[in-house]
Amino acid sequence: MHLNLCGTTYAQTVETLMEQKRVAIIGAGVSGLAAIKACLEEGLEPTCFEQSEEIGGLWHYTDDGGQQHGASMYKSLISNVSREMSCFSDFPFNTDTPPYPPHSQFHHYLQQYCHRFDLRKFIRFKTQVVKVQQAEGFVEGEWNVHTVDTGTDGTEPCQHVFHAIMVCSGVYHRPHMSLFAGLKTFQGTVTHSRSYRTPDRFQGKTVLVIGAGNSAGDIAAEVGLTASKVYLSLRDGVWILPRLTHGARPLDLSVSRALLHAPDFVSRNYIKMLSRTHINQANYGLHRTKDPYTHGFMVVAKPDITEFTPAGARFADGSCIDADEVIFATGYDVSFPFLDSDILPSSLQDQELYKLVFPVRMKKHTLAVIGQIRNRGGASPVVELQARWAAQVFQGITQLPDQDMMLGYFRRDRQYRDARFGPNKLPVVDLRYTDDIARDIGVKPSFWRLVLWDPSLAFHTYFGPAFPVHYRLMGRHSWSGAAAYAKTALIKTYSATCTNRVQTRHNVNSLMTVLLVCLMVAVLSGIVMKS
Ligand SMILES: Cc1cc2nc3c(=O)[nH]c(=O)nc-3n(C[C@H](O)[C@H](O)[C@H](O)COP(=O)(O)OP(=O)(O)OC[C@H]3O[C@@H](n4cnc5c(N)ncnc54)[C@H](O)[C@@H]3O)c2cc1C
Ligand SMILES: NC(=O)c1ccc[n+]([C@@H]2O[C@H](COP(=O)([O-])OP(=O)(O)OC[C@H]3O[C@@H](n4cnc5c(N)ncnc54)[C@H](OP(=O)(O)O)[C@@H]3O)[C@@H](O)[C@H]2O)c1
């Protein structure tokens with residue numbers, strides 16, 4: 001391949017490398033933006049390559065779904081994570097953002113984030129990374145990155161040299177399509193949820209949606225607005241949870257550090273109870289055999305498909321249907337086409353990542369994977385912590401343990417995740433995970449230090465919702481506004497919908513009740529664990 005250093009000589013490149021560590025960031029979605037900011041905070045020099053013409057990744061809606069370069073969500077998508085739980089730790093949403101932002105407002109938020117921290121100038125748009133290879137010798141862990149211009153056809157690839165790489169290319173791009181028997185004989189139209197935009201084209205049709213994730217639930221419900229009939233095929237049931245619980249409070253505001261320390265059965269049964277008070281799944285043929293956490297939560301249910309027929313499909317209970325359209329809402333496969341599989345295999349089973357970020361067996365830890373997770377809460381706060389950690393490791397501020405320790409940790413962690421969430425799936429992360437990384441980089445809020453500093457803040461941080469802003473209260477790059485924000489984030493959730501707030505005793509009372517219940521759960525769990 002012709003070596004094109006894009007205008008710079010090799011000597012110049014080496015000289016630059018000696019001055020400041022250069023980091024290549026692949027992708028300018030939520031993960032990529034967090035990565036740029038983290039690099040800047042730690043004095044690294046980021047260059048972000050983005051194959052499309054805009055930031056935001058999946059959150060940048062396009063009518064064609066970004067089919068050519070990247071992917072985007074569908075038109076009606078509303079975040080399933082509340083605003084205060086899905087923002088970056090030092091950049092809250094505007095006050096006019098509703099409790100659950102639609103994709104357009106989330107994208108606008110990302111644009112504002114770029115503007116606030118002046119991130120755009122580090123992004124090279126319409127530039128696709130086609131190959132990432134270890135530089136010769138890999139002495140200091142340098143990388144060669146090959147890019148092509150997606151705006152022009154037939155351009156020569158460029159080669160760049162970097163000290164480190166952050167892979168932020170996203171995990172929801174390559175559709176997972178199961179090979180059902182007889183699918184090739186089916187005469188209707190087969191698509192994947194990735195290309196779903198609006199329900200318009202399903203007018204009057206019979207549609208079969210396959211899957212039990214959020215995409216399947218959303219799409220089946222929306223297609224039902226225009227189609228003549230919609231079937232939903234599930235191989236197991238679902239746990240359906242409302243976005244808003246009692247008092248129209250966002251569900252995810254129930255996640256607190258106190259609850260995290262409660263025994264496992266408490267949080268599992270709490271979620272089951274929330275689901276059951278909302279809907280009796282069994283009445284709709286949606287009863288799920290596995291526990292919550294093994295799966296996402298969403299909304300005539302049909303069992304698993306045994307085979308397709310030319311006119312439709314046959315199911316495990318022996319029933320048959322005719323269908324005009326089949327939508328596979330069966331999720332995605334992970335893929336890193338620009339990386340050799342010995343560096344990072346696409347098969348989740350073969351990957352050995354320390355805390356889901358660093359390939360364990362690398363000689364030099366100059367490559368980090370950001371965002372290869374399933375978000376139970378918001379993706380932004382998680383990928384932001386991963387990026388902050390990676391930037392500190394690249395800069396030598398934080399050290400990783402030796403390989404044996406990382407391998408040991410990886411194996412125990414995989415065992416835990418497989419048992420709790422199911423094997424070979426995108427790793428599910430929760431507060432336990434983010435607190436763990438935060439501890440490694442010294443930004444986990446310490447209850448006892450907070451008690452001495454500001455008891456009410458300690459109370460909010462431990463018993464209240466685990467807001468992302470808690471990771472800016474102390475440690476490197478803390479935010480001076482964090483403490484004040486942490487205390488008001490709960491109220492800020494409703495800033496767009498409650499413009500004329502009256503402080504009633506009822507508000508105060510219900511808050512106190514929630515806090516009291518959390519306190520009791522924590523105390524009881526402490527007693528149970530000790531006994
Ligand atoms: C339908 C759907 C709904 C979701 N809803 C929510 C939600 O409500 N709340 C939530 O928190 N999360 C949600 N998610 C999860 C979502 O993945 C994250 O919120 C977030 O978008 C992940 O950001 P990312 O940057 O890791 O990946 P992406 O958003 O996928 O961005 C990756 C970027 O990398 C670029 N790229 C890829 N390969 C290359 C390459 N080779 N060269 C250059 N550029 C490249 C892409 O063009 C893209 O811009 C949802 C996901 C889906 C699929
Ligand atoms: N903001 C929103 O409202 C919203 C909307 C859509 C998506 N999302 C997010 O986007 C991400 C992707 O969601 P997704 O729903 O597209 O994918 P997903 O969560 O991976 O769900 C895929 C579904 O397909 C099922 N499936 C896979 N292979 C199958 C087969 N052969 N037969 C039958 N069923 C099969 C899976 O069943 P098993 O569970 O049995 O494996 C699962 O129910 C998630 O993080 C989700 O939270 C958010």
Side-chain angles (χ1 to χ4, degrees), residues 25-35 48-60 66 68-74 76-82 85-87 100-103 106-107 110 123-132 145 147-148 150 167-173 175-180 192-194 196 209-219 233-238 243 288 290 294-298 303-305 328-333 335-339 369-383 386 422 424-426 428:
I25 295 164
I26 306 168
V30 174
S31 301
L33 298 180
C48 176
F49 299 107
E50 169 53 52
Q51 62 189 0
S52 74
E53 74 299 342
E54 178 48 355
I55 59 119
L58 289 165
W59 293 97
H60 175 226
Q68 202 185 351
H69 301 299
S72 88
M73 295 163 175
Y74 36 88
S76 62
L77 189 128
I78 294 176
S79 173
N80 55 3
V81 184
S82 72
M85 293 305 232
S86 42
C87 60
Y100 286 98
H103 65 75
F106 199 96
H107 184 242
L110 295 176
I123 306 173
R124 295 199 194 170
F125 290 103
K126 296 186 179 177
T127 310
Q128 185 178 45
V129 173
V130 287
K131 193 87 205 152
V132 174
V145 174
T147 61
V148 291
T150 57
V167 178
C168 303
S169 50
V171 287
Y172 295 123
H173 291 249
H176 170 75
M177 302 276 281
S178 306
L179 285 174
F180 288 101
H192 185 271
S193 57
R194 180 186 190 266
Y196 177 81
V209 179
I210 310 171
N214 287 308
S215 296
D218 272 6
I219 293 172
S233 164
L234 316 102
R235 56 182 174 190
D236 196 354
V238 284
R243 277 193 168 87
R288 185 158 175 92
K290 296 179 198 124
T294 54
H295 192 262
F297 308 113
M298 67 158 207
D304 202 7
I305 293 170
F328 278 74
T330 44
Y332 297 82
D333 290 327
S335 123
F336 303 105
F338 44 83
L339 271 171
V369 182
I370 311 296
Q372 196 191 226
I373 47 155
R374 244 198 109 103
N375 46 311
R376 272 284 165 268
S380 322
V382 183
V383 300
Q386 291 180 325
N424 302 329
K425 300 213 166 185
L426 266 181
V428 182

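Each ligand, and each atom within it, is numbered from 1 in the order the structure gives. The residues of the chain are indexed from 1 along the displayed sequence.
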Checklist line | For the student: nearest non-hydrogen atoms of C48 and G27, plus distance | finding: SG-O, 3.2 Å

Notebook entry, point to check: Between N80 and Y100, is any side-chain donor less than 3.5 angstrom from a side-chain acceptor?
Noted result: no

Notebook entry, point to check: Which of the atoms in ligand 2, numbered in the order shown and given with their element, are less than 4.0 Å from a heavy-atom of A329?
Noted result: 22 (C), 23 (C), 24 (O)

Next item on the list: Indicate, as side chain, backbone, both or neither, the part of H60 found under 4.0 angstrom from ligand 1 when only non-hydrogen atoms are considered.
Entry: neither

Check: How does M73 reach ligand 1, by side chain, by backbone, by both or by neither, if only non-hydrogen atoms under 4.0 Å count?
Finding: side chain

Next item on the list: May I ask which of L58, V30, N80, N214 has a heavy atom nearer to atom 9 (N) of ligand 1 than the others do?
Entry: N80

Note to self: So for ligand 2, is S79 a polar contact partner (N or O within less than 3.5 Å, distance only)?
What the structure shows: no

Check: Considering only heavy atoms, does L77 approach ligand 1 within less than 4.0 Å through its side chain, its backbone, both, or neither?
Finding: side chain

Note to self: Can you tell me if H173 contacts ligand 1 (heavy atom of the residue under 4.0 Å from the ligand)?
What the structure shows: yes

Item checked: Numbered atoms and elements of ligand 2 in range of D218, under 4.0 angstrom, heavy atoms -> 3 (O), 5 (C)

Note to self: Contact between ligand 2 and I305 is defined here as a heavy atom of the residue under 4.0 Å from a ligand atom; is it met?
What the structure shows: no

Next item on the list: Examine ligand 1 and decide if any of its atoms is less than 4.0 Å from a heavy atom belonging to T127.
Entry: yes

Next item on the list: Please tell me if the side chains of D218 and Y74 come closer than 4.5 Å, counting only heavy atoms from C-beta onward.
Entry: yes

Check: Quick one: does C168 get a heavy atom under 4.0 Å from ligand 1?
Finding: yes

Next item on the list: Name the option, out of S79, S86, A379, P381, that contains the heavy atom nearest to atom 18 (C) of ligand 1.
Entry: A379

Next item on the list: Please state whether Y332 comes within less than 4.0 angstrom of ligand 2, counting heavy atoms only.
Entry: yes

Margin query: I need the S169 OG to Q372 CD distance, nearest 0.5 Å.
Written below: 9.0 Å

Note to self: So, regarding Y74 and ligand 2 (criterion: nitrogen or oxygen to nitrogen or oxygen, under 3.5 Å), is there a contact or not?
What the structure shows: no

Notebook entry, point to check: Relative to each other, are the rings of F106 and W59 parallel, tilted or perpendicular (30° and 60° limits)?
Noted result: parallel

Note to self: Between E54 and S52, do the side chains contain a donor N or O and an acceptor N or O under 3.5 Å apart?
What the structure shows: no

Note to self: Quick check on contacts: which atoms of ligand 2 are under 4.0 angstrom from a heavy atom of S178?
What the structure shows: 28 (N), 29 (C), 30 (C), 31 (N)

Margin query: Nearest non-hydrogen contact with atom 17 (O) of ligand 2 belongs to which option: G331, P101, P303, A212?
Written below: G331

Margin query: At under 4.0 Å between heavy atoms, is it the side chain or the backbone of Y172 that contacts ligand 1, or both, or neither?
Written below: side chain

Check: Should I78 be counted as touching ligand 2, given the test is an N or O pair under 3.5 Å?
Finding: yes

Checklist line | Residue selection (non-hydrogen contact nearest atom 12 (C) of ligand 2) among F106, Y172, F328 | finding: Y172

